[in-house]
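One-based numbering along the sequence shown.
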Amino acid sequence: MASNMDREMILADFQACTGIENIDEAITLLEQNNWDLVAAINGVIPQENGILQSDYGGETIPGPAFDPASHPAPAPTSSSSAFRPVMPSRQIVERQPRMLDFRVEYRDRNVDVVLEDSCTVGEIKQILENELQIPVSKMLLKGWKTGDVEDSTVLKSLHLPKNNSLYVLTPDLPPPSSSSHAGALQESLNQNFMLIITHREVQREYNLNFSGSSTIQEVKRNVYDLTSIPVRHQLWEGWPTSATDDSMCLAESGLSYPCHRLTVGRRALPAQTPEQSEEQSTDVHMVSDSDGDDFEDATEFGVDDGEVFSMASSALRKSPMMPENAENEGDALLQFTAEFSSRYGDCHPVFFIGSLEAAFQEAFYVKARDRKLLAIYLHHDESVLTNVFCSQMLCAESIVSYLSQNFITWAWDLTKDTNRARFLTMCNRHFGSVVAQTIRTQKTDQFPLFLIIMGKRSSNEVLNVIQGNTTVDELMMRLMAAMEIFSAQQQEDIKDEDEREARENVKREQDEAYRLSLEADRAKREAHEREMAEQFRLEQIRKEQEEEREAIRLSLEQALPPEPKEENAEPVSKLRIRTPSGEFLERRFLASNKLQIVFDFVASKGFPWDEFKLLSTFPRRDVTQLDPNKSLLEVKLFPQETLFLEAKE
């Protein structure tokens, strides 16, 4: 793996050889070739244009011929990390095929296509023909950065990035049929239209997604937010002829689905009167006379005097970036963002709206995988470098893109003394007195400053303080260097966090198993207690029933008339009763005694008549079914009888 300094050298050599000025694109191409300089050069420049010599033998292969005159060395800067041009060593490299990914959108479908860069556009269409069932002759493949291309065009010649988005148009094919016009309109209202809008004056393209229910007026208002062209001053090209009313929704306007191209520009304003032109000229001349010397150093950034004076006069006429004595930091940053956009355009870093503490929370106090570096931009309107730094460095697309992906960017304006003092207080509280003293001793012409902050477990560390006298390349390299340090720390934090989460998961699982065990034990204990309670209840009921039966038996036994003697003046009936256990109960009764007395006698022996029936043998009959008020003589249980007891069902 190449070191940071080696990568700077390789990046500088690669840009010098290929002429690619976009640092993001150059870094992407080098990473695809594992930072192999010659392999990356061979992958970008068509090999048939020259011969690339090999230092490892006499073999030669087609390759780009490097011409020092056509790649002048960049101007030296005051930074120690500035690039220096190095002639690439002539090495033999067999170019590996580069794979390109395409996401192709057609109506409500997306098709992913992966091809080598040696393939042609026509081969993509052939794949889409199989996937979408659309003839190649009816297919228009759109979305190329270079405009329309031929089917025979080789992808390598287009210098495409790794990932690409295209879309298919089929103007010769009818749209999918629907059951009714109302159904088709409702379907269109639920669809999303991509409007590719080109800003004519600045040649910038915006890809905006709108639902079919959005109106043309809403589109124009959104474009105003992006281009600062008021709706009444917008001059459009590309709207369908049916789009005659701004209140019309996009689904009814006749736009091409899924993508439609439009162009917007500013209507020409009436010419200025000579008096207005003279007044404007006088204003600029006054600024030039009074402040011209202050902008002398700005020429090293490639800005001529006229441009600097224009920016200076514009800045003097602008409202302050941030209100003085702002009570709410969020409101102050809202004004800062709006004023920054007004001065330098909409292509700028996304400034975090909120307090510095909230920015810390967003950047540092999240999961390790989601953490980012914190970039603090300190603005100063009175610095000669401010306008150049903001317009050419901070608003460069490569810087904006890199910051948005890897940083939380927070800003503050130090122009006013009260705001400066307030920030120094915040700085002292969060970073310590050393950092606060460093910022306090900075001279006005050393602003603006860019602080790169990395959050640690116990404190916040200032990785880098970047002054305004820098270049885009140097700023990018210092951001990348900070990102490399942060990435190493982040990997350690992710590892620690994963290990901690694993331990916590094990502990949670153990706690859950212990909790379930306790619940199971408690459930068993409660079930046992309920069982014991039920047994006790049943035992109590049984005892109560036995006591009740015993009380009834005793009361019946006491209520029985005395047993008559064998020799008695009255007739005596002798009954012999066999119990279910085989025992016999014998007793004498008066023949005049009622049958109920026999029942009471049997019950007093533990055989209540509601549970047992008393049967006679000859003839077999259920005595308990007889009238208990009749006498024994009447029911023919005289002079003696053998009966037996049988439990009722």
Side-chain angles (χ1 to χ4, degrees), residues 17-22 24-26 28-29 32-33 39-52 61-65 70 94-175 193-200 203-207 237-238 240 255-263:
C17 293
T18 60
I20 296 178
E21 297 180 356
N22 189 308
D24 282 346
E25 181 180 356
T28 300
L29 293 173
Q32 291 173 355
N33 292 277
I41 293 174
N42 287 337
V44 172
I45 303 178
Q47 297 180 2
E48 60 272 11
N49 291 343
I51 301 296
L52 192 60
I61 61 171
S70 62
E94 181 179 355
R95 182 182 182 274
Q96 297 295 325
R98 181 166 170 251
M99 304 305 294
L100 301 178
D101 296 338
F102 296 89
R103 169 63 65 89
V104 184
E105 182 177 356
Y106 176 67
R107 293 180 178 168
D108 57 346
R109 290 191 58 186
N110 288 319
V111 179
D112 293 323
V113 179
V114 180
L115 287 174
E116 296 182 1
D117 61 356
S118 58
C119 298
T120 63
V121 176
E123 292 179 57
I124 299 180
K125 289 188 175 182
Q126 292 175 1
I127 296 175
L128 294 176
E129 181 180 22
N130 296 330
E131 293 289 336
L132 301 176
Q133 303 300 316
I134 300 173
V136 173
S137 58
K138 302 291 186 181
M139 186 188 307
L140 298 179
L141 192 56
K142 300 289 187 179
W144 304 101
K145 299 297 184 182
T146 57
D148 293 340
V149 297
E150 299 292 336
D151 289 357
S152 59
T153 303
V154 179
L155 300 178
K156 179 175 60 178
S157 64
L158 299 177
H159 304 298
L160 299 173
K162 170 70 174 174
N163 298 305
N164 303 270
S165 296
L166 304 174
Y167 59 94
V168 172
L169 297 180
T170 53
D172 296 335
L173 296 179
F193 290 81
M194 174 177 282
L195 301 185
I196 304 174
I197 301 174
T198 302
H199 187 182
R200 187 185 302 110
Q203 288 300 307
R204 182 174 179 182
E205 195 173 85
Y206 301 96
N207 295 331
E237 294 179 4
L255 293 176
S256 300
Y257 180 81
C259 299
H260 191 89
R261 287 189 172 272
L262 298 168
T263 303

Check step by step if side-chain contact (heavy atoms from CB on, under 4.5 Å) holds for Leu100 and Val114. CA-CA 6 Å; Leu100 301 178; Val114 180; over 6 Å; no

side-chain contact (heavy atoms from CB on, under 4.5 Å) test vs Val111 passes for just one of Glu131, Arg103, Glu105, namely Glu131

Separation of Thr28 OG1 from Asn33 CG (nearest 0.5 Å): 11.5 Å

Separation between NZ of Lys125 and CG of Asp151, rounded to the nearest 0.5 Å: 3.5 Å

Verify side-chain contact (heavy atoms from CB on, under 4.5 Å) between His260 and Met194, making sure each step is shown before the conclusion. CA-CA 6 Å; His260 191 89; Met194 174 177 282; over 6 Å; no

Is any side-chain N of the basic residue among Glu129 and Lys138 closer than 4.0 Å to the acidic one's carboxylate O? no

dist Ile124:CD1 -> Phe102:CZ (nearest 0.5 Å) comes out at 4.0 Å

Minimum heavy-atom separation for Val154 to Asp117, with atom names? CG1-O, 3.6 Å

Looking at every non-hydrogen atom in both residues, tell me the closest pair between Leu160 and Asn164 and how far apart they are. CB-OD1, 3.7 Å

Can you spot which of Phe193, Tyr167, Tyr106 makes a ring-ring contact (aromatic ring centres under 6.0 Å, His included) with Tyr257? Phe193

Looking only at heavy atoms, the pair that brings Glu116 and Leu155 closest together is O-CD1, 3.8 Å

Does any non-hydrogen side-chain atom of Leu128 lie less than 4.5 Å from one of Leu141? yes

Measure across Leu169 and Cys259 and return the closest heavy-atom pair with its distance rounded to 0.1 Å. CD2-O, 4.3 Å

Would you name the heavy atoms of Met139 and Val168 that are closest together and state the gap between them? CG-CG1, 3.5 Å

Any side-chain to backbone donor/acceptor pair from Lys162 onto Met99? Under 3.5 Å, distance only. yes

Check whether any side-chain heavy atom of Ile127 lies under 4.5 Å from a side-chain heavy atom of Val104, and answer yes or no. no

Could you tell me whether the side chain of Val121 reaches within less than 4.5 Å of the side chain of Trp144, counting heavy atoms only? yes

Between Arg200 and Gln203, which heavy-atom pair has the shortest distance, and what is it? O-NE2, 2.9 Å

